[in-house]
Novice: 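Take a look at this one; I'll ask things after.
Start at 1 with the first residue, then count along the sequence. It should be emphasised that the depicted structure is a prediction, and the values quoted were computed from it without experimental measurement.
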Amino acid sequence: MSLYCGIACRRKSFWCYRLLSTYVTRTRYLFELKEDDDACKQAQQTGAFYLFHNLAPLLQKSEHQYLPPQYSLVELEKLLGKFGQDTQRIEESVLIGCSEQQEAWFALDLGLISSSSMNASLQKPEMETDLKGSFIELRKALFWLNVKDASLLSTAQALLRWHDAHQFCSRSGQPTKKNMAGSKRVCPSNKIIYYPQMAPVVITLVSDGTRCLLARQSSFPKGMYSALAGFCDIGESLEEAVRREVAEEVGLEVESLQYSTSQHWPFPNSSLMIACHATVKPGQTEIQVNLRELEAAAWFSRDEVVTALKTNDQYTRQRKGTSPFWLPPKLAIAHQLIQEWVGKLASSSLPA
C-alpha cells in the first residue's frame with residue numbers, strides 16, 4: 001500500500017510531490033511520535049498495548065502457538081484499576097512500532113513499579129488468571145513466537161529494561177524523565193539527553209572446512225551448543241574482535257572471516273549481534289578451552305549438525321526426549337549462521 005503525502009521537495013523554482021512507500025510513511029509517523037509528546041499521547045487513544053511482568057511478555061496459547069494479546073487503552077485502564085494500579089502508569093509505556101495503518105503499538109510492564117507508582121495489589125499468578133495467559137521468560141518464548149512477534153517483544157523488553165535501569169542522571173544523580181514515547185530520558189537539572197544503547201557483540205561460527213566449532217557456557221540450557229560470541233572491546237574493529245574472541249575462548253587463530261548479517265538481541269542488556277563465518281589455519285584445529293569463558297567446546301560434523309537441526313523443535317524434543325546436543329532457536333542469529341554453514345557445505349559437495 002502506498003499513498004501521496006504532502007512531503008514536498010524543492011527543485012529549482014517549483015514544488016513537487018513524490019510517492020512515498022508504506023515503509024517511509026510508517027517511519028516518518030514513528031519519528032513524529034518520538035519527537036512530539038502530544039502526538040504520542042494522542043496515538044495511545046487508538047493504539048494497542050502489549051503487557052509484560054518483570055520483563056516477561058504476556059502470551060496466550062492458541063492450539064500449537066503462543067501469541068501476545070493486544071489491549072486497547074480503555075481495556076488497559078480497566079485492567080490497571082482491577083490490579084490496584086494507577087492509570088497514570090500508562091505514561092510509563094514505551095512505543096515499540098506501528099501497523100501499516102499507523103496504529104501505534106506500546107508496551108507496559110506491570111511488574112516494574114517505579115517509586116512514583118502504587119504497589120500492585122494483585123500478584124503475578126492472579127494477573128495471569130485474569131488475563132487468561134502466562135508471563136513467559138522471553139528466552140523460552142522465542143521457541144514459540146513467530147518472527148514478527150519475536151522482534152516486537154524483543155524491542156519492547158530491551159526498552160523497558162533500559163528505562164528501569166537508567167532512572168538517574170550519571171552526572172547530577174538526579175532523577176531523569178522519560179519522554180512519552182520512551183525514545184529518550186532527559187535530566188531536568190542539566191538537560192543531558194540519554195538515548196537507549198546497544199552493545200556490539202561479535203558472534204562467529206568457526207569452521208575448519210568440513211566441521212564447525214560449537215561451544216556452551218554453564219548458563220546455557222542443558223545440551224545446548226552455539227557459536228562463539230563476545231563483546232567488542234573499545235578501539236577494536238569487527239575483524240579484530242572476531243580474531244581475539246576465537247583466540248581467547250578456544251585457542252585458535254582465524255585465517256579468514258566473512259560477515260553474514262546482524263540482529264538486535266535483547267540479552268543480556270540489549271546487544272547488536274554481528275554475525276560472521278570464520279575459518280582457522282589448516283592443521284591448527286586443536287581446541288584449548290578457556291574455562292573462564294566456556295564450559296565446553298567441540299568440533300561437529302555436518303551430519304551431526306543436520307540431525308540436531310531436524311530435532312531442534314521444542315515440541316519434537318518434548319516428545320522424543322531431550323537430545324544430548326541441540327541448537328539455539330530458529331529466531332536466534334546463531335541458528336542462522338549454522339544453517340548457512342550447512343547450506344554452503346551442501347552446495348560445495350554437489351557434482352560440477
Novice: Output yes when Lys41 and Glu91 qualify as a salt bridge under the 4.0 Å nitrogen-oxygen rule, no when they do not.
Specialist: yes
Novice: With a 4.5 Å heavy-atom cut-off, do Arg171 and Ile192 have their side chains touching?
Specialist: yes
Novice: Do Leu345 and Phe325 sit in the same hydrophobic cluster, where Ile, Leu, Val, Met, Phe, Trp and Tyr count as joined when their side-chain heavy atoms come under 4.5 Å apart?
Specialist: yes
Novice: Taking Gln70 for its side chain and Ala48 for its backbone only, find out whether a donor-acceptor pair lies under 3.5 Å.
Specialist: no
Novice: Heavy atoms, side chains only, cut-off 4.5 Å: are Leu59 and Leu145 in contact?
Specialist: yes
Novice: Shortest non-hydrogen contact from Ala104 to Ala43?
Specialist: CB-CB, 4.0 Å
Novice: Cluster question for you: counting only ILVMFWY and a side-chain heavy-atom cut-off of under 4.5 Å, with indirect links fine, are Ile287 and Phe220 together?
Specialist: no
Novice: So, taking the atom named CD in Gln88 and the one named CD in Glu77, what distance separates them when rounded to the nearest 0.5 Å?
Specialist: 9.5 Å
Novice: If you count every heavy atom of other residues, nucleotides or ligands that lies below 6.0 Å from Tyr259 atom OH, does the total exceed 12?
Specialist: yes
Novice: Are the side chains of Phe106 and Leu76 in touch, meaning some heavy atoms are under 4.5 Å apart?
Specialist: no
Novice: Identify the two heavy atoms, one from Arg216 and one from Pro221, that lie closest to each other, and give their separation to 0.1 Å.
Specialist: NH1-O, 3.0 Å
Novice: Could you tell me the separation between the CH2 atom of Trp162 and the CD atom of Gln167, rounded to the nearest 0.5 Å?
Specialist: 10.5 Å
Novice: Can you tell me how far apart CD (Gln284) and CG (Asp208) are? Round to the nearest 0.5 Å.
Specialist: 12.0 Å
Novice: Taking C-beta and beyond as the side chain, do His335 and Leu309 meet within less than 4.5 Å on heavy atoms?
Specialist: yes
Novice: Do His277 and Ser207 come within less than 4.5 Å of each other through their side chains, counting heavy atoms only?
Specialist: no
Novice: Any donor-acceptor pair under 3.5 Å linking the side chain of Glu92 with the backbone of Leu108?
Specialist: no
Novice: Do Lys281 and Glu255 meet the salt-bridge criterion of a basic N to acidic O distance under 4.0 Å?
Specialist: no
Novice: Would you say Leu228 and Met224 are hydrophobically clustered, going by side-chain heavy atoms of ILVMFWY under 4.5 Å?
Specialist: no
Novice: Are any side-chain N or O atoms of Gln157 and backbone N or O atoms of Phe52, one a donor and one an acceptor, separated by less than 3.5 Å?
Specialist: no
Novice: May I ask you to test the Asn179-Val186 pair for a side-chain heavy-atom distance under 4.5 Å?
Specialist: no
Novice: Return yes when atom NZ of Lys148 has more than 12 non-hydrogen atoms of other residues, nucleotides or ligands closer than 6.0 Å, and no otherwise.
Specialist: yes
Novice: Please report the closest heavy-atom contact between Leu205 and Leu337, naming both atoms and the distance.
Specialist: CD2-O, 3.6 Å
Novice: Is there a donor-acceptor contact under 3.5 Å from the side chain of Arg185 to the main chain of Tyr194?
Specialist: no
Novice: Does Lys124, at its NZ atom, have more than 12 non-hydrogen atoms belonging to other residues, nucleotides or ligands within less than 6.0 Å?
Specialist: yes
Novice: Give me the atom names and distance for the closest heavy-atom approach of Cys98 to Arg26.
Specialist: O-NH2, 3.2 Å
Novice: Is any side-chain heavy atom of Lys61 less than 4.5 Å from a side-chain heavy atom of Trp144?
Specialist: no
Novice: May I ask you to decide if Gln123's main-chain N or O and Glu126's side chain share a donor-acceptor pair within less than 3.5 Å?
Specialist: yes
Novice: Answer yes or no: does atom CD of Glu137 have more than 12 heavy-atom neighbours from other residues, nucleotides or ligands under 6.0 Å?
Specialist: yes
Novice: Quiz question: by atom type and distance under 3.5 Å, do the side chains of Glu340 and Ser260 form a donor-acceptor pair?
Specialist: yes
Novice: Can you measure from OG1 (Thr279) to CG (Leu252) and round to the nearest 0.5 angstrom?
Specialist: 11.5 Å
Novice: To the nearest 0.5 Å, how far apart are CZ in Phe231 and CD in Glu236?
Specialist: 13.0 Å
Novice: Return yes if some donor-acceptor pair links the side-chain N/O of Arg161 with the main-chain N/O of Pro266 below 3.5 Å, else return no.
Specialist: yes
Novice: Can you hop from Tyr71 to Leu95 via hydrophobic side chains spaced under 4.5 Å?
Specialist: yes
Novice: Once rounded to the nearest 0.5 Å, what's the spacing between atom CZ of Phe300 and atom CZ of Arg211?
Specialist: 11.0 Å
Novice: Checking Trp326 side chain against Lys222 main chain: does a donor-acceptor pair fall under 3.5 Å?
Specialist: yes
Novice: Taking all heavy atoms of Pro328 and all of Ser226, pick out the closest pair and write down the distance.
Specialist: CG-OG, 3.5 Å
Novice: Could you go step by step and tell me if Leu213 and Val250 meet the side-chain contact (heavy atoms from CB on, under 4.5 Å) rule?
Specialist: CA-CA 9 Å; Leu213 190 151; Val250 292; 4.0 Å; yes
Novice: Can you check whether Cys212's main-chain N or O pairs, donor with acceptor, with Arg302's side chain at less than 3.5 Å?
Specialist: no
Novice: Given the rule in the side-chain contact (heavy atoms from CB on, under 4.5 Å) test, do Leu131 and Phe83 qualify, once you have shown the distances and angles that lead to the verdict?
Specialist: CA-CA 11 Å; Leu131 295 169; Phe83 297 158; 4.0 Å; yes
Novice: Count the heavy atoms belonging to other residues, nucleotides or ligands that lie under 6.0 Å from CD of Gln42, then report whether that count exceeds 12.
Specialist: no
Novice: So, Ser154 side chain and His264 main chain: donor-acceptor pair closer than 3.5 Å or not?
Specialist: no
Novice: Determine whether Leu79 and Leu51 satisfy the following criterion, side-chain contact (heavy atoms from CB on, under 4.5 Å), listing intermediate values before the conclusion.
Specialist: CA-CA 11 Å; Leu79 286 172; Leu51 300 182; 4.2 Å; yes
Novice: So do Leu294 and Gln217 actually touch side chain to side chain, heavy atoms under 4.5 Å?
Specialist: yes
Novice: Given the rule that I, L, V, M, F, W and Y join up when any side-chain heavy atoms are under 4.5 Å apart, are Leu58 and Leu80 in one cluster?
Specialist: yes
Novice: Check step by step if side-chain contact (heavy atoms from CB on, under 4.5 Å) holds for Gln263 and Ile203.
Specialist: CA-CA 10 Å; Gln263 176 191 45; Ile203 179 164; over 6 Å; no
Novice: Write down the atom of Val202, the atom of Cys232, and the distance for their closest heavy-atom approach.
Specialist: CG1-SG, 3.8 Å
Novice: Measure from the side-chain N and O atoms of Lys178 to the backbone N and O of Ser93, and report whether any donor-acceptor pair falls under 3.5 Å.
Specialist: yes
Novice: Tell me whether Glu286 at atom CD has more than 12 heavy atoms from other residues, nucleotides or ligands lying less than 6.0 Å away.
Specialist: no
